[in-house]
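Notes follow the structure.
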Amino acid sequence: MPELPEVEVIARGLDATLAGRTVVDAEVPGLTRLSEPAETLVPKVVGRTVVRVYRRAKVLLVGMDDGSTLVFHLKMTGRVVHGARRAAGRHDRILFGLDDGSQLVFSDMRKFGYVRSFTPEELAAWDFLKRAGPEPLETVPGELARRIRGRRSAVKALLLNQSVVAGIGNIYADESLFRAGLHPETRGDRIGRAKAVELFTHLQDVLRLAISENGSSISDYVNAHGDAGAFQNSFNVYGKKGGKCVRCGGTLRAVKVAGRTSTFCPKCQRKQ
DNA sequence: CCAAGCACCTGACGGC
DNA sequence: TGCCGTCAGGTGCTTG
């Protein structure tokens, strides 16, 4: 579920509360298929102290005092929430007890997400991160624009392609295409340099705004403390098929691009 | 190399 | 009520 802003908000919240905390035990009702097996994961994590929590692409990373890193990918419905100790819920996959009596819980209704522990060497060799493109908030729009230049794929597919730019998913792709006035099926090689720079400038604006609003909550997302985000109230197009365009008053349409629903305004976002 | 389609899972919702 | 189809913040594998 979570895209860059949601994972960023979770990481910031956890960094503030988890730094210096030591993992004292783990309860494993049942991990997801893509997770590291509990037999190897739990011994690597119990006894370790958290140094910092951060994000790269859509991945949540917890750096430990022995140099290892606990990695979470939340996919569509994953959550990582810190709070008071409680009994395992229906979708909880692993619950870490901490030295101050609190608890860190990974839950995931659809079981697409995962948790793994890596040594520094394993993390450096991890294909997923090696393939990931640049961070959109740490790269100038001109450089991001260069990465779609001459590409024949639809711009929506390019935005969702994690090796082009990291961390963008369906919400923030649709919202930035609307702001830039670009049809989702416009090919990368049909977008002029100035328009491409404009697109990535809008993308940065949308991402920063979403982070400041605590992310977007459609159904599952909550931050590190279990609170919902508010940016869903600022959506212009995502999930609004059949609704009115805020700019021209026309009716929003949806098409499938790269297998994903893409909602747009046919008047304001013409195919180039 | 690229694009499309499906697979992985569970739950919510709309139509009949 | 219930059954069925469709859809969902993502990624990865197979196929053409």
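Values in this document were obtained by computation on a predicted structure and should not be read as measured data.
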Checklist outcome for this item: Base-paired stretches in DNA chain C with three or more consecutive Watson-Crick or G-U pairs, both distances under 3.5 Å, amount to B:2-8 with C:10-16, B:10-16 with C:2-8
Checklist entry - Does any pair with a residue in residues 176-196 of chain A pass ring pair (Phe, Tyr, Trp, His ring centres under 6.0 Å), and if so which ones, sequence neighbours excluded? => result A/His183-A/Phe264
Next on the checklist: Please list all pairs meeting ring pair (Phe, Tyr, Trp, His ring centres under 6.0 Å) that have one or both residues in residues 119-141 of chain A, counting only residues at least two apart or in different chains.
Outcome noted: A/His73-A/Phe128, A/Phe118-A/Trp126, A/Trp126-A/Phe128
Quick one: list whatever passes ring-ring contact (aromatic ring centres under 6.0 Å, His included) with [X], sequence neighbours left out.
| X | answer |
| --- | --- |
| A/Tyr54 | none |
| A/His91 | none |
| A/Phe72 | A/Phe106 |

May I have the distance from [X] (atom [atom1]) to [N] (atom [atom2]), rounded to whole angstrom?
| X | N | atom1 | atom2 | value |
| --- | --- | --- | --- | --- |
| A/Asp174 | C/dC7 | CG | P | 15 Å |
| A/Lys156 | C/dG10 | NZ | C1' | 13 Å |
| A/Arg56 | C/dG10 | CZ | P | 17 Å |
| A/Arg79 | C/dG10 | CZ | C1' | 17 Å |
| A/Arg90 | B/dG11 | CZ | C1' | 9 Å |
| A/Asp92 | B/dT10 | CG | C1' | 15 Å |

Answer with base, sugar-phosphate or nothing: what part of the nucleic acid does [X] contact at a heavy-atom distance below 4.0 Å?
| X | result |
| --- | --- |
| A/Lys256 | sugar-phosphate |
| A/Thr261 | sugar-phosphate |
| A/Tyr172 | nothing |

Checklist entry - Can you list every side-chain hydrogen bond (donor to acceptor under 3.5 Å, both in side chains) pair that touches residues 141-151 of chain A, not counting sequence neighbours? => result A/Glu143-A/Arg146
Checklist entry - Under the side-chain hydrogen bond (donor to acceptor under 3.5 Å, both in side chains) rule, what pairs show up with a residue in residues 243-256 of chain A, not counting sequence neighbours? => result A/Lys256-A/Thr261
Checklist entry - Who passes salt bridge (Lys or Arg N to Asp or Glu O under 4.0 Å) against A/Lys58, sequence neighbours left out? => result none
Next on the checklist: Per the salt bridge (charged side-chain N to carboxylate O under 4.0 Å, His left out) rule, what does the pair list look like for residues 187-197 of chain A, sequence neighbours excluded?
Outcome noted: A/Arg187-A/Asp189, A/Lys195-A/Glu198
Item to check | Interatomic distance at P, C/dT14 relative to B/dC9, whole Å | outcome: 16 Å
Item to check | Interatomic distance at C1', B/dC8 relative to C/dC3, whole Å | outcome: 24 Å
Item to check | Donor-acceptor pair between A/Thr263 and A/Lys241 side chains, under 3.5 angstrom | outcome: no
Item to check | A/Arg179/A/Asp205 salt bridge by N-O under 4.0 Å criterion | outcome: no
Next on the checklist: Generate the contact string for nucleotides 11-16 of chain C. Rules: B means base contact, S means sugar-phosphate contact only, - means no protein heavy atom under 4.0 Å.
Outcome noted: SS----
Tabulated below should be each protein N or O lying under 3.5 Å from an N or O of nucleotides 5-9 of chain B; please produce it.
{"residue": "B/dC8", "atom": "O3'", "partner": "A/Arg33", "partner atom": "NE", "Å": "3.4"}
{"residue": "B/dC9", "atom": "OP1", "partner": "A/Arg33", "partner atom": "NE", "Å": "3.1"}
{"residue": "B/dC9", "atom": "O2", "partner": "A/Arg110", "partner atom": "NE", "Å": "2.7"}
{"residue": "B/dC9", "atom": "N3", "partner": "A/Arg110", "partner atom": "NH2", "Å": "3.2"}

